[in-house]
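Take a look at the structure set out below.
Along the sequence shown, residues are numbered consecutively beginning with 1. As a basis for the values below, the full set of heavy atoms in this structure was taken, side chains included, without hydrogen atoms, waters or symmetry mates.
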Amino acid sequence: LCPRLCPPPGASKWDVREKVWDYLEASGLADFPRPVHRRIPNFKGSHQACCSIKELDVFDRACEIKVDPDKPLEGVRLAALQARKTLLVPTPRLRTGLFNRIVPPSGATKEILRICATSQGIKEYSVPVGLDGKARVDLVVVGSVAVSEKGWRIGKGEGYADMEYAMMVSMGAVQADTPVITIVHDCQVVDIAEELLDDHDLTVDYILTPTRTIKTNCKRPKPQGIIWHKVSYEMLEKIPILKSLRYREKQAGKEVALQDEHSDLANANTPAVLNEKAKAENTRPQAAMGSAQIGQHYVESDSLSPRLEGSGMITTVYVGNIPPSVRVSELKCALREFRATPLRLNWQGAQHRAFLDYKDKATAESAVSSLKGLSLGGNTLRVELAKNQRNKG
C-alpha cells in the first residue's frame, strides 16, 4: 500500500490537488495522459480498480449509468457496455448539451466495445440526449483528484462534475438516493477538512481503488439542483443547456437570479432600472402576439427597423421542431429571455417552425449559439442558420 498523503492543517483545495498530482508523478504511478497536473489523473492500476465495479449490487441493478469521459474511468465505460447497460457520457465541457448516449454498432465485437469506451469511441459512437430525452440515471461514476473515506470529494477545480450532477437533479434524471461512485488510486484517498466543502460540492457513496472498495456511508446531502446565484453570465454563455434549464425553472416560478445579478442588487439604484426595463418590455404592443392562434401564419417586425429589405445584410435563423401546443408568445418570451430578440419573427405554427431575421450574420450566429438546446413544450428546438444564409458572408 502507498503511504497515506496528509495535507497540512489549513491546506486549501488547491494545496490538496497539488500534493496528489506531485505524488503521482514523483512515485511513477501516473499514467497516460501526462503530466497529470490539472487533470482527473490517470494512474497505473486504474483498469483493475474499474473492474471491481462489477462486484457491486448498485452496478448490477443499474440500467442507465452516467460515467464521466476521463481516461481512468475507461474500464467502467467498458464494463457498462459489456453488461448491455445504457451508457451516458457528459459532452466535453458541456458545450453542446449534457449527455451523449454511447450506441455501439449491432453485433459489436469485444474490440469495438473497447473502442466505444475510449475518447475516440465517445466521438464516433454517440448520439446526443436532449433535455426532453427523459434520462433516468441509476448510477453516477465520476473522476476525482482526491477523496476522503467520508465521501468528500475534490475534483480538478473546474466544477464540471458538480454542475453535471446539479443539472441532472434539475432535469429529474437523478434522485437523492442515486449512488455516486469514484475511481481513484489508493494514494488519492486522503483526509479532507470539512470546511473545504461547499454546498455545491458532490459527495460519493463508494470509492474503488486497485486494492479496496470503500463504502463511505456519507451523510452529507448532495446538491439539490443548480445554485443559480453561484452561476455567472460567463458560465451561462459557455454552457448553452444551462440557459434552457434556467428558463424552464423560471417558468416554474423558481428563483434563478445569477451571481452577477446578485452583485448588481447590492447597488440600490439597480432594481429600479431593471424594473423600468421590464415594464417597458411588457408594455410594448403585444395584442397581436397574445391572440395569435396556434397554427396561424404570423409576422411581426420591430417598429424601430421598418426597412429590413434593401440593406443586403439581414440574416435569417430557422427554428424547427416546435410542438403544436406552443404559441408564438411563448417563443417570443424565450427569445427575450435568451437575449436573442430578432428584428422580425415569421411564425409558421402549422409547419412547426419559425424564421427569425437578424441585422447581420454575426448577430444571427450569436442567436443560434444562445438558443442551442432550448426546449419548449417538451421538445428541444432545432435552431440553425436558414439554408439560404449559410454560405453568405
Side-chain angles (χ1 to χ4, degrees), residues 31-33 36 39-129 133 135-145 147 153 155-156 158 160-165 167-168 173-174 178-185 188 202 204-210 213:
D31 209 346
F32 174 85
V36 294
R39 305 179 195 270
I40 296 295
N42 194 18
F43 55 90
K44 290 171 182 170
S46 64
H47 191 75
Q48 185 182 341
C50 287
C51 282
S52 57
I53 199 170
K54 293 185 266 191
E55 296 160 22
L56 294 179
D57 284 344
V58 289
F59 177 81
D60 203 38
R61 292 195 302 267
C63 297
E64 203 157 311
I65 302 179
K66 174 259 186 186
V67 185
D68 284 352
D70 309 301
K71 181 70 174 172
L73 307 182
E74 208 170 274
V76 173
R77 295 194 292 273
L78 178 59
L81 291 171
Q82 287 174 332
R84 301 284 187 267
K85 297 180 187 294
T86 298
L87 174 60
L88 300 175
V89 178
T91 59
R93 296 182 177 272
L94 304 173
R95 279 188 293 257
T96 56
L98 181 51
F99 298 130
N100 282 330
R101 189 171 77 252
I102 311 303
V103 184
S106 57
T109 61
K110 282 184 182 176
E111 193 47 45
I112 293 290
L113 288 182
R114 267 182 221 289
I115 292 169
C116 288
T118 66
S119 55
Q120 176 196 344
I122 291 168
K123 286 177 193 159
E124 292 180 12
Y125 296 101
S126 66
V127 295
V129 177
R136 287 290 176 271
V137 177
D138 306 307
L139 184 62
V140 173
V141 185
V142 297
S144 302
V145 174
V147 65
R153 171 189 173 276
K156 64 178 183 282
E158 294 182 345
Y160 283 104
D162 303 323
M163 179 57 78
E164 285 156 13
Y165 185 87
M167 288 164 77
M168 287 193 290
V174 292
T178 304
V180 177
I181 296 176
T182 194
I183 314 286
V184 293
H185 191 273
Q188 292 172 258
L202 180 61
V204 304
D205 303 295
Y206 294 88
I207 303 166
L208 307 184
T209 80
T213 295

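- Counting heavy atoms from C-beta outward, Val145 and Pro41 have side chains that approach closer than 4.5 Å.
- No donor-acceptor pair under 3.5 Å is formed between the side chain of Glu64 and the backbone N or O of Leu139.
- Residues Ile65 and Thr86 fail the side-chain proximity criterion, which asks for heavy atoms closer than 4.5 Å.
- Not a single donor-acceptor pair under 3.5 Å links the side chain of Arg153 to the backbone N or O of Val142.
- The shortest heavy-atom contact between Pro105 and Cys116 is CD-SG, 4.4 Å.
- Environment of CZ in Arg39: crowded, with over 12 heavy atoms of neighbouring residues, nucleotides or ligands closer than 6.0 Å.
- Evaluation of the side-chain hydrogen bond (donor to acceptor under 3.5 Å, both in side chains) rule for Lys71 yields Glu74 as partners, not counting sequence neighbours.
- With sequence neighbours excluded, the residues that form a ring pair (Phe, Tyr, Trp, His ring centres under 6.0 Å) with Phe43 are His185.
- Rounded to the nearest 0.5 angstrom, Arg136 CZ and Leu88 CG are separated by 12.0 Å.
- With respect to the salt-bridge test (charged N to carboxylate O, under 4.0 angstrom), the residues Lys85 and Asp138 do not qualify.
- To the nearest 0.5 Å, the span separating CD on Glu124 from OG1 on Thr118 amounts to 7.5 Å.
- Remark: side-chain polar atoms of Ser126 are paired, donor with acceptor, to backbone N or O of Ile122 under 3.5 angstrom.
- Contact annotation: the side chain of Pro69 approaches that of Pro90 to within less than 4.5 Å [non-hydrogen atoms, C-beta and beyond].
- Of the candidates Asn100, Leu113, Val103, Ile112, Ile112 is the only one forming a side-chain contact (heavy atoms from CB on, under 4.5 Å) with Tyr125.
- Of the inter-residue distances, the one linking Leu78 atom CG with Leu73 atom CG reads 12.5 Å to the nearest 0.5 angstrom.
- Within the model, atoms CE of Met167 and CG of Asp162 stand 12.5 Å from one another, a figure rounded to the nearest 0.5 Å.
- Rounded to the nearest 0.5 Å, atoms OH (Tyr206) and OG (Ser52) are 12.0 Å apart.
- With hydrogens and angles ignored, the 3.5 Å screen pairs no side-chain donor or acceptor of Asp70 with any backbone N or O of Ile40.
- Interatomic distance, Ser144 OG to Ile181 CD1, rounded to the nearest 0.5 Å: 11.5 Å.
- Panel note: side chain Arg77, backbone Asp68; a donor-acceptor pair is recorded below 3.5 Å.
- For the pair Val36/Asn42, no side-chain contact is recorded, criterion being any heavy-atom separation below 4.5 Å from C-beta on.
- Judged purely by atom type and a 3.5 angstrom limit, Asp205 uses its side chain to pair as donor or acceptor with the backbone of Val180.
- Between Gly45 and Pro210, the shortest heavy-atom contact is O-CG, 3.6 Å.
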Run the side-chain contact (heavy atoms from CB on, under 4.5 Å) check on Met168 and Val140 step by step: do they pass?
-> CA-CA 10 Å; Met168 287 193 290; Val140 173; 3.9 Å; yes
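- Within the structure, no pair that satisfies the salt bridge (charged side-chain N to carboxylate O under 4.0 Å, His left out) test touches residues 45-60, not counting sequence neighbours.
- Remark: of the listed residues Ile53, Leu87, Ile183, Leu87 is the sole one forming a side-chain contact (heavy atoms from CB on, under 4.5 Å) with Val67.
- Within the 4.5 Å cutoff, the side chain of Ile102 has heavy atoms near those of the Val89 side chain.
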